[in-house]
4 protein chains.
Amino acid sequence: MQNQIVHESISEMKKYAKALQGNRNYVAKKTAEDPEYFRKLAQGQNPKYLLIGCSDSRAPPNEITETDPGEIFIHRNIANVVVPTDLNINCVIQYAIEHLKVHNIVIMGHTFCGGVKAAMKQDSVGGLLDLWLNHLKLVYEKHQDLINQLDDEDDRVACLAHMNVREQVLNVWKNPIVQKSWQDGHPVMVHGWLFRVETGFIEELEIEESIPNNLSKVFQLKFKNVQPQKQKQLVEEKEDDRAKSPSIRKRFQRMQSRLETEIRRLTITLQDTNQDVEKEVVDQVSEVLQKDLNFKTEDN
Amino acid sequence: MQNQIVHESISEMKKYAKALQGNRNYVAKKTAEDPEYFRKLAQGQNPKYLLIGCSDSRAPPNEITETDPGEIFIHRNIANVVVPTDLNINCVIQYAIEHLKVHNIVIMGHTFCGGVKAAMKQDSVGGLLDLWLNHLKLVYEKHQDLINQLDDEDDRVACLAHMNVREQVLNVWKNPIVQKSWQDGHPVMVHGWLFRVETGFIEELEIEESIPNNLSKVFQLKFKNVQPQKQKQLVEEKEDDRAKSPSIRKRFQRMQSRLETEIRRLTITLQDTNQDVEKEVVDQVSEVLQKDLNFKTEDN
Amino acid sequence: MQNQIVHESISEMKKYAKALQGNRNYVAKKTAEDPEYFRKLAQGQNPKYLLIGCSDSRAPPNEITETDPGEIFIHRNIANVVVPTDLNINCVIQYAIEHLKVHNIVIMGHTFCGGVKAAMKQDSVGGLLDLWLNHLKLVYEKHQDLINQLDDEDDRVACLAHMNVREQVLNVWKNPIVQKSWQDGHPVMVHGWLFRVETGFIEELEIEESIPNNLSKVFQLKFKNVQPQKQKQLVEEKEDDRAKSPSIRKRFQRMQSRLETEIRRLTITLQDTNQDVEKEVVDQVSEVLQKDLNFKTEDN
Amino acid sequence: MQNQIVHESISEMKKYAKALQGNRNYVAKKTAEDPEYFRKLAQGQNPKYLLIGCSDSRAPPNEITETDPGEIFIHRNIANVVVPTDLNINCVIQYAIEHLKVHNIVIMGHTFCGGVKAAMKQDSVGGLLDLWLNHLKLVYEKHQDLINQLDDEDDRVACLAHMNVREQVLNVWKNPIVQKSWQDGHPVMVHGWLFRVETGFIEELEIEESIPNNLSKVFQLKFKNVQPQKQKQLVEEKEDDRAKSPSIRKRFQRMQSRLETEIRRLTITLQDTNQDVEKEVVDQVSEVLQKDLNFKTEDN
């Protein structure tokens with residue numbers, strides 16, 4: 001009996017110690033490549049986007065996207081839920097937008113998600129989690145007809161995980177900091193990803209709400225301390241969709257939206273090509289877009 | 001002007017698209033090594049521990065510990081704070097302990113932390129964040145004499161980041177789920193790490209409260225639905241520290257505590273040696289511990 | 001100038017001091033009626049129900065229902081919202097049910113509610129409140145067609161306040177503590193009230209979900225630690241709605257539900273009569289119900 | 001058996017129906033006094049202060065201060081705790097200050113508080129409440145030497161309830177909205193009350209932190225969007241405590257602080273006198289204060 005305890009104890013400690021040993025290997029490897037690597041890293045972070053993912057150990061954002069330290073600002077919770085009144089996640093969003101000035105927010109769900117699975121069942125999973133999962137159950141209630149058509153449980157979980165990502169993208173838009181940022185001329189795109197654990201591939205969901213234009217008016221906010229002329233333009237643009245003089249900001253938004261569509265199309269074809277090809281294609285798109293923009297400008 | 005907009009838009013999109021391209025490279029690499037890799041991963045997660053870290057892009061837990069998908073369950077927020085009444089983090093803790101049965105929880109802070117730095121200044125950083133940072137300011141208030149002795153700002157940030165990890169370790173212990181788990185015979189160790197961004201190394205903090213014995217009695221909870229005989233033993237053990245018949249659970253706790261001390265000592269020496277040496281030493285410790293246990297057992 | 005400051009300061013202090021003077025009058029009055037009043041009150045509280053209302057100063061629950069200290073356990077927030085992941089309100093619900101054993105929970109909204117009004121507008125009302133009001137905007141989005149048919153703004157506010165009460169009644173049901181209580185044989189009724197500030201009258205909303213039977217199955221939870229035989233009965237009752245031997249608990253639920261309907265009907269007629277008449281009528285109902293119950297019992 | 005169920009059901013319903021009957025009596029009484037009472041009330045609220053109290057049914061703020069509907073904006077939770085990261089309470093504070101422009105916030109604790117009592121014991125009171133009570137346990141830990149000197153449990157509860165009020169007053173000051181309000185020239189006083197259930201009297205605690213000057217610098221925030229000249233003055237005043245030209249705002253603060261001290265002293269003496277006497281004394285204080293202010297002004 002006591003032998004078993006010792007072995008269990010040692011086994012647990014080894015698992016724990018393994019990570020610390022891994023850290024030493026990591027430092028050795030990195031400094032062999034570049035002795036100044038960590039000193040540079042300490043200069044500051046300049047992450048490209050904020051990713052809100054699930055705590056699940058099988059969905060580590062950096063690994064599965066081969067991104068380096070310094071590239072993604074990350075929040076992870078049970079089933080990647082964006083609760084409007086959760087101060088924890090809202091602080092992360094505020095820091096990312098106001099202090100790190102990120103332009104992209106990604107909600108990443110994943111297949112085989114334990115939280116999603118639990119939300120589809122009636123069994124209580126414990127007081128706190130039951131409360132938390134109510135936010136997922138809301139999504140399930142909305143789409144249960146669609147989801148329950150699927151025979152396989154894993155498929156149903158994948159389907160709700162997908163629908164949950166869509167819902168949380170909308171919840172990000174409902175955040176006043178995200179909306180104000182957009183109105184202040186600092187546009188933020190909100191993307192939805194589904195990480196398919198069984199293949200390793202990330203699926204980019206086509207979400208119309210990646211820009212806030214399609215958000216229900218009920219949730220669209222107006223802010224007082226946006227500069228008066230900007231506010232005026234906003235109103236004009238609303239009243240006349242074919243506005244004669246679109247603001248720089250508006251043009252940037254359109255550009256982003258158009259670019260996203262193009263790049264999304266390209267990323268599929270580029271899947272197995274090298275970086276040079278990608279660069280070339282992106283340059284071509286750039287040209288097309290410039291013409292597009294010129295055309296629109298001349299139009300005015 | 002519009003050229004600049006196009007270039008900015010493309011630049012933002014490229015950064016975003018890079019991660020998706022990285023994902024394709026990652027899948028190609030992994031499936032080349034093992035075509036069944038992802039199918040196996042989809043079977044379920046069995047993470048070794050829960051890590052609560054900072055959202056900072058420079059502190060990705062898996063990279064810096066060279067751990068694989070499936071090994072660490074992760075929550076990340078601004079400055080790795082464990083607020084007792086934050087449902088978000090408490091759900092993560094509940095899921096990790098009750099559903100994944102992890103035996104180790106790690107709080108990982110890091111040097112050059114923007115949240116820690118902001119908490120030491122008086123400048124408001126925005127409504128939500130000001131509220132959140134109050135939890136850090138509490139730690140700063142407690143240790144400001146020590147911290148302000150340091151001349152360099154980076155050192156002060158590192159010192160508060162260190163103190164913050166200690167405080168959050170205590171906050172984990174105050175969670176009733178963690179305490180109940182311990183009493184139910186499923187011991188959980190709580191560790192504190194400081195990731196030094198400037199060197200890449202993780203420092204393991206020596207925290208007496210890695211087991212709950214040293215926690216102030218004010219925060220120690222008693223639960224009704226622990227089995228009666230166990231509850232009785234608990235009381236006995238409290239009244240007599242040299243208890244004649246320590247429960248299996250108690251022995252496991254002591255073992256863990258002792259092992260942790262030994263391994264901590266060894267990890268320093270083992271820093272540059274290979275895994276075989278580590279294994280050998282751990283086996284020696286195991287022997288020592290078994291004797292220790294036998295001795296105590298015979299004693300009864 | 002400085003005179004104005006002095007007068008403002010004194011005016012503010014007087015308003016504040018008035019309440020303390022009021023307290024002295026109150027104690028004098030109460031102890032004149034019963035010198036032991038407060039000593040008795042200190043023995044403990046035994047409130048009849050939990051009321052969740054709005055912070056609005058014009059909606060003080062005790063005044064408008066002429067209830068005494070010791071009768072209602074109260075939580076008040078902006079626009080009486082029950083956020084599933086709000087620990088503050090969930091603690092109040094837990095305390096009321098598990099420790100005070102209340103059998104009735106009331107959600108009380110009111111007309112002319114500033115929070116409800118703000119939720120129907122697009123103007124930002126400040127970071128924290130914008131987040132909070134998202135829960136109201138959800139209700140508005142659902143019922144906007146109905147609400148916007150009304151010409152008068154006060155009517156629209158009243159209509160959304162009404163709909164909001166219905167939604168929050170459902171949110172109470174989604175709480176695992178409320179559901180578990182019901183399954184443990186301690187039934188809790190959840191009621192919705194609309195306080196019409198302009199008339200002073202409380203309207204009791206007819207809400208089908210005052211018992212959880214009509215709640216969507218998606219949100220109905222099953223608990224492990226309910227006693228096995230009870231759990232079995234629950235399943236039986238679900239499989240066969242015309243169950244031959246309804247449990248005591250089930251009968252109590254039916255009784256409550258039936259009684260509520262009767263008393264609701266009677267309270268309208270009893271509006272201007274005295275307590276003796278009410279007592280008499282309630283006794284008559286009691287007889288009817290007993291027969292009803294006997295009948296059902298014989299039926300089995 | 002079934003008789004008992006019927007009687008219990010009826011008893012519960014009667015308790016519930018009693019409040020609705022009480023409402024009708026209340027309306028009848030109020031409209032007899034003033035037929036326009038409720039129509040006037042519906043015009044808007046203009047509460048004199050925000051009161052944060054306990055949900056306990058024995059501590060209804062309006063009754064015990066004889067204040068009318070429309071006078072106090074109220075939030076009540078378990079043991080009147082102000083958690084810095086609780087969005088619920090922070091929304092109430094924001095609404096009270098930014099929208100209702102209140103100048104006084106009161107934290108009201110009370111003796112015989114069930115939440116305070118539970119926080120002093122080690123017995124778990126359920127998952128959510130255990131988490132919530134951690135905020136009270138922090139206060140208990142700090143003052144346990146003082147508290148545990150008292151022999152009687154009720155006295156210990158009263159002592160911790162008192163200490164808790166002091167702590168929560170500080171927590172209100174840590175709120176950026178309260179601090180910004182002060183800097184924007186809209187001073188807010190924060191008061192602490194202990195309601196002694198056993199006598200009915202409210203004790204006003206002498207709290208040095210009723211103005212933010214004495215708050216630890218660690219928690220004092222500086223805001224960017226305060227008008228430049230004001231910000232400049234703030235700095236000057238900090239650098240030179242005997243500032244030659246104190247701003248109007250500063251003078252208002254001093255006035256409030258001085259007035260509070262005087263009125264506090266007077267309320268004790270005025271306890272059994274009528275309102276005319278109070279008015280007279282307040283007028284005298286006003287004179288004294290004007291001289292005080294003139295003196296200071298001449299001094300410059």
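Reckoned from all heavy atoms, side chains included, excluding hydrogens, waters and symmetry mates. Because the structure is predicted, anything quoted here is derived from the model rather than measured. Letters A, B, ... mirror the listed sequences (proteins, then strands); counts begin at 1.
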Q | Part of residues 74-89 of chain A lying next to chain C, heavy-atom separation under 4.5 Å | A |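 When heavy atoms of chain C are the reference, residues 74-89 of chain A contributes A:V83, A:P84, A:T85, A:L87 within the under-4.5 Å range.
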Taking the side chain as everything from C-beta on, heavy atoms only, tell me whether [X] gets closer than 4.5 Å to [Y].
X      : Y      : answer
A:L133 : C:F219 : no
A:K137 : C:L221 : yes
C:K174 : A:L138 : yes

Q: Heavy atoms only: give me the nearest A:P176-C:G127 pair and the separation to one decimal.
A: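 Looking at all heavy atoms of both residues, the closest pair is CG-O, 3.8 Å.
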**Q.** Contact origin within C:N90 toward chain A - heavy atom pairs under 4.5 Å
**A.**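 The side chain, not the backbone.
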Q: Measure C:Q94 against the heavy atoms of chain A and call it side chain, backbone, both or neither at under 4.5 Å.
A: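 For C:Q94, no heavy atom lies under 4.5 Å from chain A.
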Q: Might you confirm whether atom CG of C:D152 has over 12 heavy atoms from other residues, nucleotides or ligands at distances under 6.0 Å?
A: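 It does: C:D152 CG has more than 12 such atoms within range.
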Reported [atom1]-to-[atom2] distance for the pair [X] and [Y], which is rounded to 0.5 angstrom:
X      : Y      : atom1 : atom2 : result
C:N134 : A:N171 : CG    : CG    : 7.5 Å
A:Q144 : C:S216 : CD    : OG    : 5.5 Å
A:K217 : C:E141 : NZ    : CD    : 13.5 Å

Q) Under 3.5 Å, side chain of C:Q122 to main-chain N/O of A:K222, donor-acceptor pair present? A)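 Answer holds: no.
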